[in-house]
Amino acid sequence: MPQELHYLKETPSQTAGPYVHIGLAPGAAGFDIYRQELGHDIVGPETPGQRIRVEGMVTDGTGAPVKDVLIEVWQADGQGIYPHPEDPRHAEVARDFRGWARVVPDFETGVFSFETIKPGPVQGRNTRMMAPHLSLWLVARGINIGLQTRMYFEDEDNAADPVLNLIEQAPRRQTLIARHLGEGRYRFDIRLQGEGETVFLDV
């Protein structure tokens with residue numbers, strides 16, 4: 001006979017569910033309930049730096065676009081400073097710089113895009129410098145735990161970046177490099193599974 005359990009059973013794992021946009025990005029879901037939606041702009045109009053536009057698509061293991069994904073973007077300013085007290089230089093962060101945003105794709109095409117400034121190199125652990133990058137966190141139906149990854153820039157020197165160099169298979173590092181399309185535009189596609197799967201970080 002099976003042993004009787006004298007404690008509550010573990011609840012099933014939950015994904016973000018179909019209503020993630022209503023809760024976290026209501027404007028994208030058609031609900032105009034805030035004067036200014038939280039996480040809409042990474043930078044303000046007065047933020048100095050090189051303006052860039054990032055576009056891309058999140059796809060599943062079959063190559064189909066994941067249209068209900070929500071992406072949080074975190075980044076440093078053009079001098080490599082985060083607007084967070086844990087950054088020793090946070091008092092010097094660029095004016096009108098928020099440093100994070102929530103991005104959702106077009107619900108018809110699955111293409112996402114956002115505008116920001118290009119971040120500067122950031123000092124990491126042991127004073128090692130990290131190449132300019134964006135930190136991305138993804139959540140959607142079917143994802144039990146949010147996925148963390150990074151986006152680096154094709155037109156920057158990424159050779160000494162300590163995080164990229166943790167990836168043993170050098171070809172897989174390319175999944176974190178955005179293509180430079182010219183005129184401040186970058187293309188960064190994220191593959192959740194299968195051939196060419198994007199590297200995700202355990203942080």
Side-chain angles (χ1 to χ4, degrees), residues 16 20 23-25 27-28 34-56 58 69-104 112-139 143 145-167 172-180 184-188 190 198-203:
V20 63
L24 297 179
Y34 295 121
R35 185 181 309 164
Q36 181 176 2
E37 185 157 336
L38 185 65
H40 188 266
D41 298 309
I42 303 176
V43 299
E46 297 183 9
T47 305
Q50 178 188 348
R51 299 277 165 161
I52 62 172
R53 178 180 175 85
V54 177
E55 57 189 42
V58 179
V69 69
L70 182 142
I71 305 170
E72 283 195 355
V73 183
W74 299 78
Q75 69 166 93
D77 69 8
Q79 301 301 312
I81 303 172
Y82 286 100
H84 192 280
E86 289 190 14
D87 188 318
R89 298 188 296 158
H90 78 275
E92 304 169 34
V93 73
R95 65 184 180 277
D96 211 14
F97 179 73
R98 298 176 183 88
W100 79 281
R102 289 176 176 149
V103 178
V104 297
F112 68 82
S113 64
F114 59 92
E115 296 182 357
T116 184
I117 60 166
K118 199 173 193 182
V122 176
Q123 184 172 293
R125 294 179 181 174
N126 302 319
T127 69
R128 293 181 65 187
M129 295 304 294
M130 295 185 286
H133 65 275
L134 306 178
S135 293
L136 307 175
W137 181 76
L138 289 74
V139 64
I143 299 177
I145 300 175
L147 300 174
Q148 182 79 38
T149 190
R150 283 187 172 188
M151 186 196 105
Y152 291 86
F153 298 87
E154 183 180 53
D155 55 342
E156 294 286 342
D157 183 2
N158 301 304
D161 184 85
V163 174
L164 277 177
N165 284 308
L166 287 173
I167 304 170
R172 295 210 64 210
R173 298 172 193 163
Q174 294 304 309
T175 67
L176 302 185
I177 310 289
R179 288 185 292 123
H180 186 211
R185 293 173 55 240
Y186 294 87
R187 177 78 186 196
F188 186 63
I190 300 171
T198 299
V199 172
F200 296 103
L201 307 172
D202 185 8
V203 295

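- Counting all heavy atoms, side chain and backbone alike, Gly78 lies closest to Ile117 at N-CD1, 3.6 Å.
- Between the side chain of Asp157 and the main chain of Ala131, no donor-acceptor pair closer than 3.5 Å is present.
- Between the CG atom of Asp161 and the CG atom of Leu176 there is a distance of 9.5 Å, given to the nearest 0.5 Å.
- With hydrogens and angles disregarded, a donor-acceptor distance shorter than 3.5 Å links the side chain of Arg95 to the backbone of Glu46.
- Atom OG1 of Thr116 and atom CD of Gln50 lie 11.0 Å apart (nearest 0.5 Å).
- Here the side chains of Arg89 and Gln123 are not in contact, with every heavy-atom distance at 4.5 Å or above.
- Side-chain N or O atoms of Thr149 include one that pairs as donor or acceptor with a backbone N or O of Val199 at under 3.5 Å.
- Nearest heavy-atom pair, Val122 versus Ala76, reported as atom, atom and distance to 0.1 Å: CG2-CB, 3.7 Å.
- Side chain of Arg51 to main chain of Gly184: no donor-acceptor pair is present (N/O by atom type, distance under 3.5 Å, no hydrogens or angles).
- Taking a 6.0 Å sphere around CD of Gln79, one finds it holds 12 or fewer heavy atoms contributed by other residues, nucleotides or ligands.
- At a threshold of 4.5 Å between non-hydrogen side-chain atoms, the residues Ser135 and Gln148 count as touching.
- Nearest heavy atom pair, residue Pro121 against residue Pro132, reads N-CG, 3.9 Å.
- In summary, of the residues considered (His180, Arg179, Glu55), a side-chain contact (heavy atoms from CB on, under 4.5 Å) with Arg185 occurs for Glu55 alone.
- Rounding to the nearest 0.5 Å places OG1 of Thr47 at 8.5 Å from CG of Asp77.
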request  = Could you go through the side chain to side chain contact (heavy atoms under 4.5 Å, CB included) check for Phe112 and Val73 one step at a time?
outcome  = CA-CA 12 Å; Phe112 68 82; Val73 183; over 6 Å; no

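- Counting all heavy atoms, side chain and backbone alike, Thr175 lies closest to Phe188 at O-CE1, 3.4 Å.
- Using cut-offs of 30° and 60° for the angle between ring planes, the Tyr152 and His133 rings count as tilted.
- Between the CG atom in Asp41 and the CH2 atom in Trp100 there is a gap of 11.0 Å [rounded to 0.5 Å].
- Annotation: the span from Leu166 atom CG to Leu201 atom CG amounts to 9.0 Å, rounded to 0.5 Å.
- In this structure, Gln75 and Pro83 approach most closely via the heavy-atom pair O-CD, 4.3 Å.
- The two residues Phe97 and Ile81 have their closest heavy-atom pair at CE2-O, 4.1 Å.
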inquiry  = Could you walk me through whether Leu70 and Glu72 satisfy the side chain to side chain contact (heavy atoms under 4.5 Å, CB included) test, starting with their C-alpha distance in whole Å, then the side-chain angles of each, then the deciding distance to 0.1 Å, before giving a yes or no?
reply    = CA-CA 7 Å; Leu70 182 142; Glu72 283 195 355; 4.1 Å; yes

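- If you take CD on Glu115 and CZ on Arg53, they are separated by 5.5 Å, rounding to the nearest 0.5 Å.
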ask   = Stepwise, does the side chain to side chain contact (heavy atoms under 4.5 Å, CB included) test hold for Val58 with Ile71?
value = CA-CA 10 Å; Val58 179; Ile71 305 170; 4.1 Å; yes

Test side chain to side chain contact (heavy atoms under 4.5 Å, CB included) applied to Ile190 and Leu147, step by step = CA-CA 11 Å; Ile190 300 171; Leu147 300 174; over 6 Å; no

